[in-house]
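A quick write-up on the structure given underneath.
Counting convention: from 1, in listed order, for ligands and their atoms alike. Since the model is a prediction, treat every value here as computed from it, not as a measurement.
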Amino acid sequence: MPYSKLTRLAFAIVLFIMASSCTELANESLRGTIAANGMVSTAHPEATKIGVAILKQGGNAYDAAIAVQFALAVAYPNAGNIGGGGFLVYRKSTGEIGSLDFREKAPLSAHKDMYLDQDGEVIENLSTRGHLAVGVPGSVDGMTKIHQELGSMPFSELVEPAIQLALNGVVLTDREATKFNGQRKNFIETNSHTPYLVSNTPWAKGDTIFHKDLAATLMRIRDHGRAGFYEGTTAQLIVDEMMRGGGIITKEDLDLYQSVWREPMTSSYKSYRIIGMPPPSSGGVAVMQLLKGIESYDIGTWGFNSTRTIHIMTELERRVYADRATYLGDPDHYQIPADKLISDIYLKQRFSDIDPLVKTFSQSIKTGSVNFIESIETTHFSIVDVNGNAAAITTTLNGSYGSKVMVKTGGFFLNNEMDDFSVKSGVPNMFGLVGDKANAIAPQKRMLSSMSPTIIDKNDSLFMVVGTPGGSTIITSVFQTILNVIEHGMTMQEAVNAKKLHHQWLPDHILYELNALDSITYSELEQMGHVLKQRDGIGRMNAILVLDDGLLEGAADYTRGDDIALGY
Ligand code: GLY
C-alpha cells in the first residue's frame with residue numbers, strides 16, 4: 001500500500017511543520033515524534049540514531065533492539081550495559097508474542113546469608129557496591145538469543161555501530177558529565193585500577209569520551225557472539241577482576257549462563273490486551289493487578305491526579321506491592337502463583353477492603369519497617385518497525401553504574417543486581433523493597449525485578465509499547481502512563497511528561513513529583529490519612545503509540561533525561 005504510506009508520510013510532515021512552527025497549538029496537545037515507517041525511543045540520542053539507521057537499512061525491530069542495546073552500553077554506561085541483564089517483551093506483526101529473560105543470576109557459590117555478619121545483620125553496602133554485589137551478566141547471551149530467534153541482519157552488523165561509537169567517542173551531555181563527576185570517588189574507591197572514566201579535571205558538557213577498551217570487548221562479541229563474552233579473553237578479564245576484588249563469579253558461572261524464553265503474561269484492561277514480563281520480573285503481575293484493580297473505578301471522569309484517583313491508585317498499589325514482597329521471585333526456584341495473582345476471583349477479594357474515603361495503614365496489611373533510598377537507574381527502549389513488529393526492552397545494571405566495578409581493560413561496568421534479592425527477610429533493598437523466601441538468595445537463582453516492558457494491543461492490532469527505568473517506581477510509572485493515555489486522553493508524549501506519584505506499601509507514604517498535586521488535592525489526601533513526600537524524577541518513559549490513522553507517536557522523556565524518539 002505505497003499510496004497510503006505516502007499519504008501518511010505527508011501527514012506526518014505537515015504535523016511536524018505545525019508542531020515546530022506553532023508553539024501555541026503544540027501546547028494544547030503535545031505530540032511526540034510522528035512517523036509512518038518505524039520508531040525508536042531510547043535514553044540516548046546516539047542509541048536512538050543507531051536504532052533508526054538499522055531500521056532504515058531494512059533491519060527489523062529486533063535487529064534494531066540488539067544494536068540499541070550495544071549502543072547504550074557505550075553511550076549511556078550508567079544503565080546501558082553488557083555487564084547487566086534485562087527483559088524483552090515482543091509482539092510480531094503476525095500477532096505472535098513472546099518474552100526473553102536475560103536477567104542476571106546468582107553465582108554458584110552465592111548463599112542465602114552471604115551479606116550478613118556473624119550476628120545475622122546486613123553488612124552495609126556489600127550487596128550494592130563492589131565485586132560481591134555482581135550477578136552473572138545476561139545481556140550478551142540475551143542479545144545473541146534474540147538474534148537467533150528474531151533477527152534478520154548479520155549479528156556483526158548490529159554490534160558494529162556501537163564499536164564505531166566507542167572508537168569515535170561520545171559527546172557528553174550536561175546531565176552525563178554531572179553523573180560521571182558525582183561518581184568519581186566511588187569509581188576510585190571500588191576499583192583497584194583507575195577506570196578510564198575518571199578524569200583529573202571534572203567532565204563538562206561537550207567533552208568527548210573515547211571507549212577504547214570497550215570497543216575491543218565489543219569486537220570480540222561481534223566476531224564470536226556469545227563466546228566473545230562468556231569465554232576467552234573477556235571471560236578471563238571478568239574472572240581476573242573478580243579475584244582482584246573478592247568477587248565470586250567463576251568461569252563456570254559464565255559458562256553456565258543461559259537466558260530463557262518465557263511465556264509472556266497476558267491480561268486485559270477494558271478492551272485492551274496487556275502483554276507483560278512474567279517472573280522473575282514482578283512487573284507483569286503488578287501492572288496487571290493494578291490495571292484490573294482500577295478497571296471498575298471511573299477515573300476518567302474523576303480526572304488525572306484528582307484526590308479520588310490518587311487515593312484509589314494508592315490503595316491498590318499498597319496491596320500489590322505487599323503481594324510482590326510475599327509471593328514473587330524466580331519461577332525456576334520457587335513456586336510462583338503468578339496466574340492466581342492476576343485472576344479476577346483473587347483480585348476481587350484482595351481489593352475488597354479498600355475504603356473510598358479513608359486510607360488503610362500498610363502495617364495492617366503486613367508488618368515491616370523500611371527506609372527508602374532513591375535510585376532511578378535502569379533503562380528502557382521501545383521500537384516498532386515498518387511491518388509493525390514491536391520490541392520493549394528494559395535493561396539494567398541496577399544502581400547507577402551498577403556495582404561501580406569496571407572490568408580492567410574490558411572497559412565495562414558490572415551490575416549490582418544481587419541487591420534485588422531479599423538479602424534478609426523483611427529488610428529493605430536499595431529501593432526500599434522488602435521480600436521473603438520467594439526472593440531469597442540461592443545459587444543460580446534470578447533476583448526479582450520490577451522491570452515492566454509492556455506491549456498493549458487492541459482488536460488484534462498493536463496499540464502501545466511502553467516501559468521505564470526507576471527501580472520500584474517502574475511498575476507504578478507504567479501503570480500511570482497507560483492510564484494517562486487510555487483514561488485521561490493524553491497523547492503519548494503528554495502521558496510520558498505528566499507528573500507521577502508512587503506508593504509501594506512500605507514505607508507507607510505517597511511519593512509525588514513537584515507540581516503533581518495542587519494544594520487542595522494535597523490537603524484532601526492528608527485528611528484521608530495519607531502521608532505525602534516529594535521526590536524528583538518518577539519514571540523516565542520511552543513509549544510508542546499507534547495512532548488511529550496508523551502513524552506512530554514516539555515519546556521519550558526529555559523532561560527527566562536526555563531521551564529522544566526518532567522515526568522515519
Ligand atoms: N534493578 C531494578 C529491577 O530490576 O527492578
Side-chain angles (χ1 to χ4, degrees), residues 43 69 72 76-81 83-89 99-106 127-129 133-139 142 259-260 262 276-287 317 320-321 323-325 328-331 336 370 372-381 392-404 413-423 428-435 438-439 441 445-454 466-479 502 504-505 537-542:
Q69 173 81 25
L72 285 170
Y76 189 59
N78 57 328
N81 68 82
F87 301 120
L88 160 77
V89 172
S99 72
L100 182 70
D101 165 4
F102 54 99
R103 182 73 163 161
E104 301 91 326
K105 294 181 87 167
S127 65
T128 56
R129 179 130 55 96
V134 184
V136 183
S139 291
S259 40
V260 186
R262 298 193 190 274
M277 192 67 210
S281 181
S282 60
V285 171
V287 169
E317 288 165 7
V320 165
Y321 277 81
D323 278 1
R324 179 193 190 280
L328 298 182
D330 182 348
I336 310 290
V370 298
F372 191 87
I373 301 165
E374 293 170 22
S375 173
I376 59 147
E377 300 316 329
T378 298
T379 190
H380 174 85
F381 50 96
I393 289 192
T394 314
T395 179
T396 187
L397 288 167
N398 198 19
S400 197
Y401 309 98
S403 60
K404 325 290 189 240
F413 285 107
L414 293 168
N415 66 82
N416 60 341
E417 220 70 59
M418 291 297 284
D419 188 61
D420 270 344
F421 278 116
S422 170
V423 301
N429 72 358
M430 61 188 276
F431 301 112
L433 291 166
V434 289
N439 191 32
I441 302 172
K445 188 174 173 183
R446 289 181 157 92
M447 53 296 282
L448 183 61
S449 171
S450 298
M451 294 190 286
S452 313
T454 304
V466 61
T468 183
S472 57
T473 67
I474 290 174
I475 291 162
T476 48
S477 300
V478 168
F479 173 51
H502 172 75
Q504 60 177 44
W505 173 49
I538 301 179
R540 181 173 158 179
M541 322 290 304
N542 295 90

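Each of the following atoms of ligand 1 lies closer than 4.0 Å to a heavy atom of Arg103: 4 (O). Per-residue contacts place Asn398 under 4.0 angstrom from the following atoms of ligand 1 (heavy atoms of the residue considered): 1 (N), 2 (C). Ligand 1 places these atoms under 4.0 Å from at least one heavy atom of Met451: 3 (C), 4 (O), 5 (O).
The only member of Arg103, Gln69, His380 that meets side chain to side chain donor-acceptor pair (under 3.5 Å) when paired with Thr395 is Gln69. Checking Thr394, Ile393, Asp101, Leu100 one by one against Phe87, the side chain to side chain contact (heavy atoms under 4.5 Å, CB included) holds for a single residue, Asp101.
Between Ser403 and Val134 the shortest heavy-atom distance is OG-CG2, 3.7 Å. Contact between Lys445 and Ala438 at its shortest, heavy atoms only, is NZ-O, 2.9 Å.
Counting only distance, with no hydrogens or angles, the side chain of Tyr76 and the backbone of Thr379 share no donor-acceptor pair below 3.5 Å.
When Pro280, Ser450, Gly135 are checked for heavy-atom proximity to atom 5 (O) of ligand 1, Ser450 turns out nearest. When the options Ile475, Thr395, Asp420 are ranked by their closest heavy atom to atom 2 (C) of ligand 1, first place goes to Asp420.
The nearest heavy-atom contact from the protein to atom 4 (O) of ligand 1 is Ser449 OG, 2.7 Å.
For the residue pair Thr476 / Glu317, no side-chain donor-acceptor distance below 3.5 Å is found, with atom types taken as modelled.
Only side-chain heavy atoms of Glu417 come within less than 4.0 Å of ligand 1; its backbone N, CA, C and O stay farther off.
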